[in-house]
Amino acid sequence: MKVAVIVFPGSNCDRDMYHALRYAGFEAEYIYGERKLSEFDAIAIPGGFSYGDYLRPGAVAAREKISEEIKREAERGKLIFGVCNGFQILVEMGLLPGALLQNPSGKFICKWIELKVEDNETPFTLLFERGKSIKLPIANGFGRYVKAGSEPRVIFRYTEDINGSDDMIAGISNDEGNILGLMPHPERAYEPLLGGEDGLRFFKSLKLFLEKGRG
């Protein structure tokens, strides 16, 4: 199973993502610039500061040619997920609703936090238990999720008010569940050496879903 790891100028969690995917049993490949993505089973958009967060986080990356290719794959139902800046890029692309604004403190927040699993029926959350708490690290300055228009499908929620996000939302998906964005970093919590391994279930869920799909 192959996962494309999209790398923009300024991405800095691409290697973390690459190694987490390989640890979970995937074949991962870095993708720079233009590239057809139909050969991949899933697409990962890692965190970082794409284009230095110029204009606003994710705004420039969302208008790259590779992002048009990601949109085409999204329309075909491809599994796509974005973490931190990747989440911001998915929102800027219009593949997920809402907006991600600066933390009210004006500060970059970097620490381990607790999340509640709200929905375990997406391809990315099959191995989590609904209602249970997990721990993942966050690292962002623009992580405050704000709803816009219709109610989002909430997948993860902070258990305490970390950054003023509406309804303490930490991660959402589209209605179909094939596109997911979250601010915490599962790729930084996939083995005990990193301080926790709750993130591994994220990647193992994706693998399980793809294996089932292949019969």
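Hydrogens, waters and symmetry mates are skipped; everything else that's a heavy atom, side chains included, is used. Each residue takes its place number in the sequence, starting with 1.
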(request) Using side chain to side chain contact (heavy atoms under 4.5 Å, CB included) as the criterion, list what pairs up with E39, not counting sequence neighbours. (result) K2, R35

(message) Between K65 and E68, does any side-chain N to carboxylate O distance fall below 4.0 Å?
(response) no

(message) Testing the basics here: between M93 and S67, what is the closest heavy-atom pair and its distance to 0.1 Å?
(response) CE-O, 3.3 Å

(request) Consider only side-chain heavy atoms of I, L, V, M, F, W and Y, link residues closer than 4.5 Å, and tell whether L200 and F124 are in one cluster. (result) no

(request) Keeping to residues at least two apart or across chains, list the ring pair (Phe, Tyr, Trp, His ring centres under 6.0 Å) pairs with something in residues 93-122. (result) none

(request) Only pairs at least two apart or in different chains count here, so list each side-chain hydrogen bond (donor to acceptor under 3.5 Å, both in side chains) that has a residue in residues 161-190. (result) K147-D167, N163-S165, N174-E176, N174-N178, H185-E187

(message) For residues 191-200, which residue pairs pass the salt bridge (charged side-chain N to carboxylate O under 4.0 Å, His left out) check, not counting sequence neighbours?
(response) D198-R201

(request) Side-chain contact test, heavy atoms from C-beta onward, threshold under 4.5 Å: evaluate it for F156 versus L136 and give yes or no. (result) no

(message) If you define the side chain from C-beta out and look only at heavy atoms, does anything of I31 sit under 4.5 Å from I66?
(response) yes

(request) Scan for salt bridge (charged side-chain N to carboxylate O under 4.0 Å, His left out) pairs involving residues 122-138, sequence neighbours excluded, and state none if there are none. (result) E121-R130

(request) Measure the shortest side-chain to side-chain distance between F40 and V3 over non-hydrogen atoms and say whether it is less than 4.5 angstrom. (result) no

(message) Restricting to ring-ring contact (aromatic ring centres under 6.0 Å, His included), what partner residues turn up for F8, sequence neighbours left out?
(response) none

(request) Determine, stepwise, if the pair E75 / R72 fulfils salt bridge (charged side-chain N to carboxylate O under 4.0 Å, His left out). (result) CA-CA 5 Å; E75 291 172 359; R72 284 191 284 273; over 6 Å; no

(request) Just grab all the side-chain hydrogen bond (donor to acceptor under 3.5 Å, both in side chains) pairs involving residues 95-110, residues at least two apart or on different chains. (result) N103-N140

(message) With ring-ring contact (aromatic ring centres under 6.0 Å, His included) as the criterion, how do F202 and F81 come out once you've worked through the C-alpha distance, each side chain's angles and the decisive distance to 0.1 Å?
(response) CA-CA 11 Å; F202 182 89; F81 66 97; 5.2 Å; yes

(request) Treating Ile, Leu, Val, Met, Phe, Trp and Tyr as nodes and any side-chain heavy-atom pair under 4.5 angstrom as an edge, say whether L100 and V154 lie in one connected cluster. (result) yes

(request) Count the heavy atoms of every other residue, nucleotide or ligand shown that sit under 6.0 Å from OH of Y30, and state whether that count exceeds 12. (result) yes

(message) Going by side-chain hydrogen bond (donor to acceptor under 3.5 Å, both in side chains), name the pairs with one or both residues in residues 13-24, residues two or more places apart or in two chains.
(response) none

(request) Identify, with sequence neighbours excluded, every residue that meets side-chain hydrogen bond (donor to acceptor under 3.5 Å, both in side chains) alongside T122. (result) T125

(request) Run through the side-chain heavy atoms of Ile, Leu, Val, Met, Phe, Trp and Tyr, join any pair under 4.5 Å, and report what else lands in V146's cluster. (result) L101

(request) Determine which pairs satisfy salt bridge (charged side-chain N to carboxylate O under 4.0 Å, His left out) with at least one residue from residues 83-104, sequence neighbours left out, and list them in order. (result) R56-E92, R63-E92

(request) Look at the side chain of Q88 and the backbone N and O of G143, then say whether any donor-acceptor pair between them is shorter than 3.5 Å. (result) no

(message) Just verifying a value: how many Å separate E114 CD and I134 CD1, rounded to the nearest 0.5 Å?
(response) 9.5 Å

(message) Donor-acceptor pair, distance only, cut-off 3.5 Å: does the side chain of K78 make one with the backbone of L37?
(response) yes

For a quick test of your reading: what N or O donor-acceptor pairs under 3.5 Å do the side chains of residues 42-50 make, sequence neighbours left out?
residue: S50; atom: OG; partner: N85; partner atom: OD1; Å: 2.8

(message) Please say yes or no: joined through hydrophobic side-chain contacts below 4.5 Å, possibly via intermediate residues, are L95 and F142 part of one cluster?
(response) no

(request) Please answer: with hydrophobic residues joined when any side-chain heavy atoms are less than 4.5 Å apart, are L194 and L115 in the same cluster? (result) no

(message) Measuring only between side-chain heavy atoms, which start at C-beta, is I169 closer than 4.5 Å to P152?
(response) yes

(message) Once rounded to the nearest 0.5 Å, what's the spacing between atom CG of L180 and atom CG of L79?
(response) 10.5 Å

(message) Any non-hydrogen side-chain atom of V91 less than 4.5 Å from a side-chain atom of P97?
(response) no

(message) Quick check: do F26 and L210 have side-chain heavy atoms less than 4.5 Å from each other?
(response) yes

(message) Taking the side chain as everything from C-beta on, heavy atoms only, tell me whether C110 gets closer than 4.5 Å to I138.
(response) no

(request) Would you check if K111 and P137 make a side-chain contact, meaning some heavy-atom pair closer than 4.5 Å? (result) no

